[in-house]
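Ligands are counted one by one from 1 in listed order, and the atoms in each one are counted from 1 as well. What's counted below: heavy atoms across the whole structure, side chains too, no hydrogens, waters or symmetry copies. All figures in this text were calculated on a predicted structure; none of them were measured in a lab.
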Amino acid sequence: MKRRSFVAKSSLGSLAILLGVDVVYNTLMPEGYTPLALEESDPFKLFNKNKEMVVLNDKPWNIEAQAHLLDDKVTPNSSIFVRNNGLMPEHIDLENWTLTIDGESVKKEKTYSLSELKSKFKQYTYQLTLECGGNGRSEFDPPAKGNQWTIGAVYCANWTGIRLRDVLEDVGIKDDAVYFGYHGADLHLSRDPKKESISRGAPLSKAMQDETILAFKMNGEAIPMVHGYPLRIIAGGWPASVSGKWLQRLSIRNIVHDGAKMTGTAYRVPCKPVAPGEKVADEDMCIIESMPVKSLITYPKTGAILSKGKALHIRGHAWAGELEVSKMEYSIDFGATWSTCTIEKPVNRLAWQHFSAEISFPQEGYYEVWARATDSNGVSQPMLLPGWNPKGYLNNSCHRIAVKIA
Ligand SMILES: Nc1nc2c(c(=O)[nH]1)N[C@H]1C(S)=C(S)[C@@H](COP(=O)(O)O)O[C@H]1N2
Ligand SMILES: [Mo]
């Protein structure tokens, strides 16, 4: 993998972050010099990712997992997908990092330092499922433009931070507040500082939930650079695009936030079902809120070969946006019949749930194991594809693995 331009343009501060240690003689390093350690770098080393992660795009970085890499109950950093819309911030000045809460609906704009946020407000840790709205996009027909995610843009990590609600109460919010919108420190691909690559948000009711936090830590450590260091919003159960990385400013709005990727076809789907390929008028598009019910078989890896007479143990995770998963089933006959899996309760609201089953196969041959989750409203995953939409969002069709009994 060739050295990437963002590495070459990085400042020393972020080099240290990328390397994980200080460059001891950094003052002696010639200007413009790229240390060998970074010249050798590939994205897997740079971001501490498993070599089996799949790079979909390198400008901006978009990297997805494979199902078997997501087998852990809590996803380790090495298997967490990367979705950048712009260029990662080039320099993080921790001492001077601030968060400003502004917008039409704050009583008075307020700015906090990181240390103030950490000391002033109580900290909480939650396991929260984040899935990119475009996960599964690759299956839609007619195809949608954008990163061709298959199944790997989802994970559930431990996030530690403070409640957004507590901060908003400290700031003072006007009665007309309806929405929040985030502003991160990443750069637009054009490098034009006046443009934002993404600035999304959610209704104030989502901001007020216990689990909506301003996070400092992911899986007990400082958030890795690529995942939003040093501060990030986490809004579990909603498209992960709501969870703004490198958070510097949060606007409390008296209108639906109108930042980059809040309008047009971005993170919006037809309010009513449409035929594949149909043109949809702007006013007929609705913003995606809670994500639909979905599941993933994380063990065994697809292509497993099993000897005759042995039962197959399968396991995986299921999630349902703001809802809980109430039933989990598998099929070995292309959906003709279904059997139940054991499904655990979530460790907290908005965490994914773990399922397992022991499967016996009637005879030798090729099988597909399909998994199907049902949410607490009784809504199940579609077997093949959900309704088509212009940007290929919300594909929650059943995950399948191939198994051969020899
Ligand atoms: N500032 C900022 N926040 C962002 C993004 C971004 O490009 N910039 N991408 C969003 C999208 S579309 C997704 S799916 C998630 C991806 O988070 P991850 O890279 O930590 O997995 O971050 C969201 N937050
Ligand atoms: Mo996303």
Side-chain angles (χ1 to χ4, degrees), residues 6 43 46-50 53-65 69-70 75-90 92 97 99 128-137 144-149 151-159 161 180-189 195-202 212 214-215 217-219 221-251 257 259-262 265-269 287-288 291 391-395:
F6 93 93
L46 269 179
F47 305 133
N48 289 311
K49 296 298 172 192
N50 188 304
M53 297 286 282
V54 180
V55 177
L56 300 179
N57 192 354
D58 65 354
K59 214 175 185 234
W61 286 109
N62 282 275
I63 305 173
E64 76 168 332
L69 300 178
L70 296 169
T75 315
N77 171 34
S78 58
S79 293
I80 293 179
F81 79 92
V82 173
R83 199 287 183 249
N84 286 348
N85 287 267
L87 304 167
M88 300 202 321
E90 294 182 350
I92 302 285
W97 187 276
L99 172 69
L128 299 166
T129 310
L130 289 186
E131 180 178 17
C132 179
N135 197 22
R137 172 177 294 140
K145 284 201 196 104
N147 292 290
Q148 296 299 305
W149 304 105
I151 47 82
V154 63
Y155 67 104
C156 185
N158 266 309
W159 289 97
F180 73 85
Y182 65 74
H183 304 277
D186 44 340
L187 270 181
H188 191 268
L189 285 176
K195 286 190 185 160
E196 282 181 300
S197 61
I198 187 167
S199 169
R200 304 201 65 244
T212 301
L214 303 180
K217 286 184 178 178
M218 188 183 90
N219 290 339
E221 287 167 16
I223 301 175
M225 181 67 183
V226 72
H227 296 298
Y229 180 84
L231 187 68
R232 172 174 196 178
I233 303 181
I234 300 290
W238 284 46
S241 53
V242 177
S243 295
K245 306 195 268 192
W246 310 292
L247 183 67
Q248 282 183 315
R249 192 156 67 84
L250 198 71
S251 303
H257 182 57
K261 307 228 162 145
M262 283 301 296
T265 51
Y267 302 100
R268 301 204 307 167
V269 290
I287 298 172
I288 300 168
M291 292 290 285
K391 279 286 279 175
Y393 294 120
L394 306 182
N395 179 1

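Legend: residues meeting side chain to side chain donor-acceptor pair (under 3.5 Å) with Asn135, ordered by chain and number and at least two apart, are Glu131. Annotation: ring-ring contact (aromatic ring centres under 6.0 Å, His included) contacts of His257 (sequence neighbours excluded): His183. Partners of Ala185 under the side-chain contact (heavy atoms from CB on, under 4.5 Å) rule, at least two apart in sequence or in another chain, are Pro89, Trp97, Trp246, Gln248.
Put simply, the residue from Val54, Val55, Asn85, Asn57 that forms a side chain to side chain contact (heavy atoms under 4.5 Å, CB included) with Asn62 is Asn57. Each of Phe180, Tyr267, Trp238 was checked for a side chain to side chain contact (heavy atoms under 4.5 Å, CB included) with Arg200, and the lone residue meeting it is Tyr267.
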Do any nitrogen or oxygen atoms of ligand 1 lie under 3.5 Å from a protein nitrogen or oxygen, and which ones?
unit_1   : atom_1 : unit_2 : atom_2 : d
ligand 1 : 1 (N)  : Asp186 : OD1    : 3.1
ligand 1 : 1 (N)  : Asp186 : OD2    : 3.4
ligand 1 : 1 (N)  : Lys245 : O      : 3.1
ligand 1 : 3 (N)  : Lys245 : N      : 2.9
ligand 1 : 7 (O)  : Asn85  : N      : 2.7
ligand 1 : 7 (O)  : Asn85  : ND2    : 2.9
ligand 1 : 8 (N)  : Asp186 : OD2    : 2.6
ligand 1 : 9 (N)  : Arg83  : O      : 3.3
ligand 1 : 9 (N)  : Asn85  : ND2    : 3.1
ligand 1 : 17 (O) : Arg232 : NH2    : 2.9
ligand 1 : 19 (O) : Arg83  : N      : 2.9
ligand 1 : 19 (O) : Lys245 : NZ     : 2.6
ligand 1 : 20 (O) : His227 : ND1    : 2.7
ligand 1 : 20 (O) : Arg232 : NH1    : 2.7
ligand 1 : 21 (O) : Phe81  : O      : 2.7
ligand 1 : 22 (O) : Arg232 : NH2    : 3.2
ligand 1 : 24 (N) : Ser243 : O      : 3.0

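Put simply, the side chain of Ser79 gets close to the backbone of Leu69: a donor and an acceptor are under 3.5 Å apart.
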